[in-house]
Participant: 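This structure is in structure tokens; I'll ask about it shortly.
What you see is a predicted model, and the numbers here were worked out from it, not measured in a lab.
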Amino acid sequence: MPLILRMIKLQRHLTIVTHTCSLIATMSTESAVKMPHASVQIGGFALDDYDRTVNLSIWKIAKWFEGTRKLSFDDCTLLPHLKHKGTLFILSTHFKLSKGIYVPQALALNFPINFESNVVSIGKTSYRIDTVCKKVDSGESLGTCSAVMIPVGLDDHRPLILPEWFKQDYGIPKPAPIKRMGALDVPKNAYSCQATVAPSDTDHNKHMHHTAYLKFCMDAAYYIIKRNKLQFVTKDICWYKVKEAEVSYTGQSRAGDEITIHMWEDPQVPILYFVIHNYGKPIFQCKMLFYNDSKL
């Protein structure tokens, strides 16, 4: 078991303050069989989290969920264990966002929120970790993100079996299901556009960061909507607030890759579907539901 985990068990409450990024992270456990409660508190959103319509960007929201989870859990548990032989990939994410998370930009810098993470299920090679975003003053839930993580080898990116100490320390009696959305078939009437992965879109794993795929989808939607008449989404895509986004990753892309983004809409409800191909191979898919009254 890594040293950091032994420290947490003995101390029962570990607090880390990082003044450089103004975050407060806490992790605590009550026993060896209970899940740790890991949380990160931030003072508010950054001004560059807002897009050209001065709305909070879905990919920036996704980055906050990912960053706070990584700081309070991943960096303290599996990543030190995987050092030099493996890393963590994300298989899927499922966001559910309330209207309250779309705070006006004028209030963004003074909007204390807390991100609380808990592992809710552990399989042979993957685990599911759920993060809840809440207002600090009232405890109001602003959104949730359910992420399925998998350790992979550094060179071949093949799945690694989760260590026994991880299952023993973080396993729970009644785990939640680990499931991903089914494969989306691109219909013949889908719209498509091409894009190139930039070096700034990639991360330390040398592939496109998972939140950048959401940015590519929104950029593609902007151009597609500008050229075509859609049923529900008729203005700049950034005017529309995302209510729910279900995402699945089935491949990778790297700097310089030419990817194709396919998009189509549901004829009955304000849902956009996205599938991204890299040299003909599907690597990403997303189902994005918008609030009906989100257009300003």
Participant: Could you tell me whether a side-chain N or O of Arg128 sits under 3.5 Å from a main-chain N or O of Pro177, the two making a donor and an acceptor?
Facilitator: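 Confirmed, Arg128 side chain pairs with Pro177 backbone.
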
Participant: Closest approach of Val40 and Thr68, non-hydrogen atoms and distance?
Facilitator: CG2-O, 3.5 Å

Participant: Please round to the nearest 0.5 Å and tell me the distance separating atom OG of Ser192 and atom CD1 of Ile276.
Facilitator: 11.0 Å

Participant: Test Asn278 against Ser253 for side-chain hydrogen bond (donor to acceptor under 3.5 Å, both in side chains), laying out the working first.
Facilitator: CA-CA 7 Å; Asn278 188 14; Ser253 60; 5.1 Å; no

Participant: Calculate, to the nearest 0.5 Å, the distance between atoms CG and CD1 belonging to Leu91 and Ile150 respectively.
Facilitator: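 Interatomic distance, Leu91 CG to Ile150 CD1, rounded to 0.5 Å: 4.5 Å.
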
Participant: Parallel, tilted or perpendicular, judged at 30° and 60°: which one describes the rings of Tyr273 and Trp264?
Facilitator: parallel

Participant: Under 4.5 Å between side-chain heavy atoms, chaining through other members, with only Ile, Leu, Val, Met, Phe, Trp and Tyr counted: pull out the rest of the cluster around Leu47, sorted by chain and number.
Facilitator: Leu109

Participant: Please answer whether the main-chain N or O of Gly100 pairs with a side-chain N or O of Ser98 as donor and acceptor at a distance below 3.5 Å.
Facilitator: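 Yes.
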
Participant: Check whether Ser121 reaches the backbone of Ala176 with its side chain - one donor and one acceptor, N or O, closer than 3.5 Å.
Facilitator: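 Pair found, side chain donor or acceptor close to backbone of Ala176.
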
Participant: So Asp49 and Gln105, do their side chains get closer than 4.5 Å, heavy atoms only?
Facilitator: no

Participant: Using a cut-off of 6.0 Å, state whether more than 12 heavy atoms not belonging to Asp155 lie near its atom CG.
Facilitator: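 12 or below, so no.
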
Participant: Where the side chain of Arg180 meets the backbone of Val148, is there a donor-acceptor pair that is under 3.5 Å apart?
Facilitator: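 Such a contact is absent between Arg180 side chain and Val148 backbone.
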
Participant: Hey, what do you get for CG (Asp266) to CG (Leu230), rounding to the nearest 0.5 Å?
Facilitator: 11.5 Å

Participant: Would you call the rings of Phe115 and Trp64 parallel, tilted or perpendicular, where under 30° means parallel and over 60° means perpendicular?
Facilitator: parallel

Participant: Rounded to the nearest 0.5 Å, what separates atom CD1 in Ile237 from atom SG in Cys217?
Facilitator: 10.0 Å

Participant: Between Tyr170 and Phe73, is the ring centroid distance below 6.0 Å?
Facilitator: yes

Participant: Given Ile113 and Gln41, is the side-chain contact (heavy atoms from CB on, under 4.5 Å) satisfied, shown in steps?
Facilitator: CA-CA 6 Å; Ile113 48 182; Gln41 181 179 318; over 6 Å; no

Participant: Which pair of non-hydrogen atoms, one from Tyr50 and one from Leu56, has the smallest distance, and what is that distance?
Facilitator: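 Heavy atoms only, the tightest pair is CD2-N, 3.6 Å.
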
Participant: Which of parallel (below 30°), tilted (30 to 60°) and perpendicular (above 60°) describes Tyr213 and Phe284?
Facilitator: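 Because their plane-to-plane angle is under 30°, the rings of Tyr213 and Phe284 count as parallel.
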
Participant: Are Ile271 and Phe290 packed together at the side-chain level, in the sense that at least one heavy-atom pair is separated by less than 4.5 angstrom?
Facilitator: no

Participant: For the backbone of Lys135 and the side chain of Ser138, can you confirm whether one donor and one acceptor N or O come within less than 3.5 Å of each other?
Facilitator: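 Here the side-chain-to-backbone pair does not exist.
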
Participant: So which heavy atom on Pro267 is nearest to which on Gln231, and how close?
Facilitator: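 What the structure gives for the nearest pair is O-CG, 4.3 Å.
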
Participant: In plain terms, say whether Glu116 and Lys134 are close enough for a salt bridge, that is, a side-chain N and a carboxylate O under 4.0 Å apart.
Facilitator: yes

Participant: Are the side chains of Leu78 and Met149 in touch, meaning some heavy atoms are under 4.5 Å apart?
Facilitator: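 No; the side chains remain at least 4.5 Å from each other.
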
Participant: Give, for atom OH of Tyr240 and atom CG of Leu289, the distance between the pair rounded to the nearest 0.5 Å.
Facilitator: 13.5 Å

Participant: Using a 3.5 Å distance criterion without hydrogens, assess whether the side chain of Asp257 forms a donor-acceptor pair with backbone atoms of Arg254.
Facilitator: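 Side chain of Asp257 to backbone of Arg254: a pair is present.
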
Participant: Considering residues, nucleotides and ligands other than Lys167, do more than 12 of their heavy atoms fall under 6.0 Å from its NZ?
Facilitator: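 Buried by this count: over 12 neighbours within 6.0 Å.
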
Participant: Flag the pair Leu272 / Met263 as yes when at least one side-chain heavy-atom distance between them is below 4.5 Å, and no otherwise.
Facilitator: yes

Participant: Would you say Thr131 and Arg69 are linked by a side-chain donor-acceptor pair, where the criterion is simply a distance under 3.5 Å?
Facilitator: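 On atom types as modelled, these side chains do not qualify, holding no pair under 3.5 Å.
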
Participant: Please examine the side chains of Lys241 and Lys99, heavy atoms only from C-beta on, and report whether any two atoms are closer than 4.5 Å.
Facilitator: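 Answer no - side chains too far apart.
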
Participant: Is there side-chain contact between Thr125 and Leu162, with at least one heavy-atom pair below 4.5 Å?
Facilitator: no

Participant: Would you name the heavy atoms of Ala220 and Ile261 that are closest together and state the gap between them?
Facilitator: CB-CG2, 3.7 Å

Participant: Show your working on side-chain contact (heavy atoms from CB on, under 4.5 Å) between Ile101 and Ile61 and close with a plain yes or no.
Facilitator: CA-CA 9 Å; Ile101 200 169; Ile61 294 174; 4.0 Å; yes

Participant: Got a sec, which pairs hit salt bridge (Lys or Arg N to Asp or Glu O under 4.0 Å) with one end in residues 196-216, sequence neighbours left out?
Facilitator: Asp201-Lys215

Participant: Side chains of Glu265 and Val233: closer than 4.5 Å at any heavy-atom pair?
Facilitator: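 No, every pair of side-chain atoms sits at 4.5 Å or beyond.
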
Participant: Whether Asp236 and Arg52 form a salt bridge (side-chain N of Lys/Arg under 4.0 Å from carboxylate O of Asp/Glu) is what I want to check.
Facilitator: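 Yes, charged N to carboxylate O under 4.0 Å.
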
Participant: His210 vs Tyr249, test: side-chain contact (heavy atoms from CB on, under 4.5 Å). Steps then yes/no.
Facilitator: CA-CA 8 Å; His210 72 95; Tyr249 301 89; 3.3 Å; yes

Participant: Does Thr260 form a side-chain hydrogen bond (donor to acceptor under 3.5 Å, both in side chains) with His277? I'd like the steps, not just the answer.
Facilitator: CA-CA 5 Å; Thr260 302; His277 285 84; over 6 Å; no

Participant: With a cut-off of 6.0 Å (strictly less than), are more than 12 heavy atoms of other residues, nucleotides or ligands near OH of Tyr279?
Facilitator: yes

Participant: Given Lys96, which partner from the list Val132, Thr144, Val242 fulfils the side-chain contact (heavy atoms from CB on, under 4.5 Å) test?
Facilitator: Thr144

Participant: Spell out, as yes or no, whether a donor-acceptor pair under 3.5 Å connects the side chain of Thr202 to the backbone of Pro199.
Facilitator: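 Yes.
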
Participant: To the nearest 0.5 Å, what is the distance between OG (Ser248) and CD1 (Ile90)?
Facilitator: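 Ser248 OG to Ile90 CD1: 11.5 Å, rounded to 0.5 Å.
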
Participant: So with a 6.0 Å cut-off around CG of Asp156, is the heavy-atom count from everything else above 12?
Facilitator: yes

Participant: Who pairs with Asp51 by salt bridge (Lys or Arg N to Asp or Glu O under 4.0 Å), at least two apart in sequence or on another chain?
Facilitator: none

Participant: Just wondering, do Leu214 and Val247 contact through their side chains at under 4.5 Å, heavy atoms?
Facilitator: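 In short, these two side chains touch, coming nearer than 4.5 Å.
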
Participant: Quick one: which of Val120, Asp130, Thr93 gives a side-chain contact (heavy atoms from CB on, under 4.5 Å) with Ser146?
Facilitator: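 Result: among Val120, Asp130, Thr93, Asp130 is the only option passing the side-chain contact (heavy atoms from CB on, under 4.5 Å) with Ser146.
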
Participant: For the residue pair Phe274 and Met288, what are the closest heavy atoms and their distance?
Facilitator: CE1-CE, 4.2 Å

Participant: What is the minimum heavy-atom distance between Ile129 and Ser117, and which atoms define it?
Facilitator: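 Residues Ile129 and Ser117, closest heavy atoms: CD1-CB, 4.0 Å.
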
Participant: Please say whether more than 12 non-hydrogen atoms of neighbouring residues, nucleotides or ligands are located less than 6.0 Å from OH in Tyr223.
Facilitator: no

Participant: Spell out, as yes or no, whether a donor-acceptor pair under 3.5 Å connects the side chain of Glu246 to the backbone of Gln285.
Facilitator: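 A pair under 3.5 Å: no.
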
